Enquirer: 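Below you'll find the structure I mean.
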Amino acid sequence: MHAQNVALILVDLQVDFMPMGMLPVAEGDQVVPIANALMPAYHTVVATQDWHPANHGSFAANHPWRKPGQVIDLHGLPQVLWPIHCVQETWGAEFVAELDTDRITRVFQKGTDPEIDSYSGFFDNGHRKSTGMAEWLRARGIEEVHVLGLAADFCVKFTVLDALKEGFRTTLIREATRGVELEAGDVERAVAEMREAGAEILV
Ligand SMILES: [Zn+2]
């Protein structure tokens with residue numbers, strides 16, 4: 001059992017990020033049994049949930065003549081366009097059925113504002129609004145977080161970087177994450193960036 005001041009953060013273990021989902025992450029399903037095996041060792045387990053309205057600005061389909069993978073300016077921020085995914089109240093936005101959700105202490109939803117995306121579980125991509133996760137963790141006495149989930153090169157990376165900025169000792173559980181890899185090597189570059197920012201990388 002980990003100490004009371006350590007929390008596990010599960011990033012976006014949702015249907016649409018599984019291999020059969022709308023924004024598939026290769027081998028994303030392999031992360032789920034590892035998450036299930038780890039959860040009992042933590043007093044606090046937090047899950048982030050990508051939770052978009054249908055008119056979300058990160059969806060290529062909401063921009064005429066744009067397609068997934070292209071980058072646009074979305075209200076002043078560069079935005080990678082994605083397939084429609086994790087739409088509120090749809091199956092794709094649900095946690096995968098195999099995940100032991102009974103062990104989750106608290107869920108933090110993100111990406112609810114149609115005008116800005118939110119990769120990190122802590123803040124939107126412009127750092128304009130907090131999801132309340134850092135404040136909630138601190139109120140529980142959490143000083144250290146262990147992070148796993150999807151995808152390594154986007155939501156996991158930004159969650160880890162924000163956890164460090166918020167002052168939490170932060171460990172990435174490397175075997176329990178997989179990446180989108182828009183470009184080959186993106187995951188390794190993301191891991192290097194997390195390490196340089198101060199994260200422990202647990203292989
Ligand atoms: Zn999203």
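Model, not experiment: these values are computed from the prediction. Note that ligands are numbered from 1 as they come in the structure, with each ligand's atoms numbered from 1 the same way.
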Enquirer: Of all the N, O or S atoms in D50, which has the shortest distance to the Zn ion (ligand 1)?
Expert: OD2
Enquirer: Please give the atom name: the N, O or S atom of H52 nearest to the Zn ion (ligand 1).
Expert: NE2
Enquirer: Within the stated cut-off of 2.8 Å, is an N/O/S atom of H56 closer than that to the Zn ion (ligand 1)?
Expert: no
Enquirer: Can a donor-acceptor pair be found between the side chains of S130 and E135 at a distance below 3.5 Å?
Expert: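 Result is yes, a qualifying pair exists.
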Enquirer: Which pair of non-hydrogen atoms, one from E94 and one from Q49, has the smallest distance, and what is that distance?
Expert: CA-NE2, 4.3 Å
Enquirer: Give me the one residue out of T131, T48, D50 that meets side-chain hydrogen bond (donor to acceptor under 3.5 Å, both in side chains) with K110.
Expert: D50
Enquirer: Less than 4.5 Å apart, side chain to side chain, heavy atoms only: is that true for F122 and I9?
Expert: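 Result yes, sub-4.5 Å side-chain heavy-atom pair found.
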